[in-house]
Amino acid sequence: QVQLVESGGGSVQAGAALRLSCAASGLTTGSNCVGWFRQAPGKEREGVASIYTPTSNTYVAASVKGRFTISQDNAKNTVYLQMNSLKAEDTAMYYCAAGSYCSAYSLSRDDYWRHWGQGTQVTVSS
């Protein structure tokens with residue numbers, strides 16, 4: 001059974017950094033791509049970044065490229081989202097998800113992701 005638990009959210013000032021963690025357990029070959037998504041109030045959920053856990057290949061959305069980085073610690077079964085130079089528009093609930101298709105395109109398809117965590121809130125004030 002796949003379980004995803006996010007942590008690391010909080011309230012910060014614009015320009016600050018945060019690192020989100022996604023503790024993953026039970027990943028299989030059918031769910032070895034882990035992605036980060038975010039959803040702001042009144043907006044659609046947006047794919048932010050993903051990592052193919054067997055090879056560490058990563059995909060990062062153009063909207064956050066250069067500021068956000070996704071990585072993993074295999075020993076801790078944890079995927080991280082490092083967020084630098086945060087802006088007010090980064091304010092959202094951030095979710096991690098697991099699925100079997102890792103590509104830039106899969107970040108735009110909610111239906112490609114089989115398992116979801118409960119989310120962690122990030123609030124950036126300007």
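A ring-centre distance under 6.0 Å is found for W113 and F37.
Considering only residues two or more places apart in sequence or on other chains, S63 meets the side-chain contact (heavy atoms from CB on, under 4.5 Å) condition with R38, E46, A61. Scored by the salt bridge (charged side-chain N to carboxylate O under 4.0 Å, His left out) test, R19 finds no partners at all (sequence neighbours excluded).
Within the model, atoms CZ of R114 and OG of S100 stand 5.0 Å from one another, a figure rounded to the nearest 0.5 Å. In this structure, C96 SG and I51 CD1 are separated by 12.5 Å, a value rounded to the nearest 0.5 Å. The CG atom of N77 sits 11.0 Å away from the CG atom of L4 when rounded to the nearest 0.5 Å.
Residues S21 and T78 come closest through the heavy atom pair CB-CG2, 4.0 Å. The nearest pair of heavy atoms linking L27 to A24 is CD1-CB, 3.9 Å. Looking at every heavy atom in both residues, W36 comes nearest to C22 through CZ2-CB, 3.5 Å. Between L107 and S50, the shortest heavy-atom distance links the atoms CD2-CB, 3.9 Å. Scanning all heavy atoms of the two residues, the minimum distance from S31 to H115 falls at CB-CD2, 3.9 Å.
Taking 4.5 Å as the limit, some side-chain heavy atom of Y94 sits within range of a side-chain heavy atom of M83. You'll find the side chain of R67 reaches within 4.5 Å of the side chain of K87, heavy atoms only. Residues L81 and V48 are in side-chain contact: their nearest non-hydrogen atoms beyond the backbone lie under 4.5 Å apart. Residues R45 and D110 form a side-chain contact, since some pair of their non-hydrogen atoms from C-beta on lies under 4.5 Å apart.
Ring geometry, W116 versus Y95: the interplanar angle exceeds 60°, so the pair is classed perpendicular (tilted spans 30 to 60°).
Between the T123 side chain and the T91 main chain, no donor and acceptor come within less than 3.5 Å of each other. Without hydrogens or angle criteria, T53 side chain to N32 main chain gives a donor-acceptor distance under 3.5 Å. Proximity of a side-chain donor or acceptor of E6 to a complementary backbone N or O of Q118 within less than 3.5 Å is detected. Put simply, the side chain of T120 gets close to the backbone of G9: a donor and an acceptor are under 3.5 Å apart. At distances below 3.5 Å, at least one donor-acceptor pair connects side-chain atoms of S106 with backbone N or O atoms of Y101.
Residues Q82 and S71 have side chains that never bring a donor and an acceptor to within less than 3.5 angstrom of each other.
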Query raised in the report: Would V122 and L20 satisfy side chain to side chain contact (heavy atoms under 4.5 Å, CB included), going step by step from the backbone distance to the final call?
Result: CA-CA 9 Å; V122 172; L20 305 183; 4.0 Å; yes

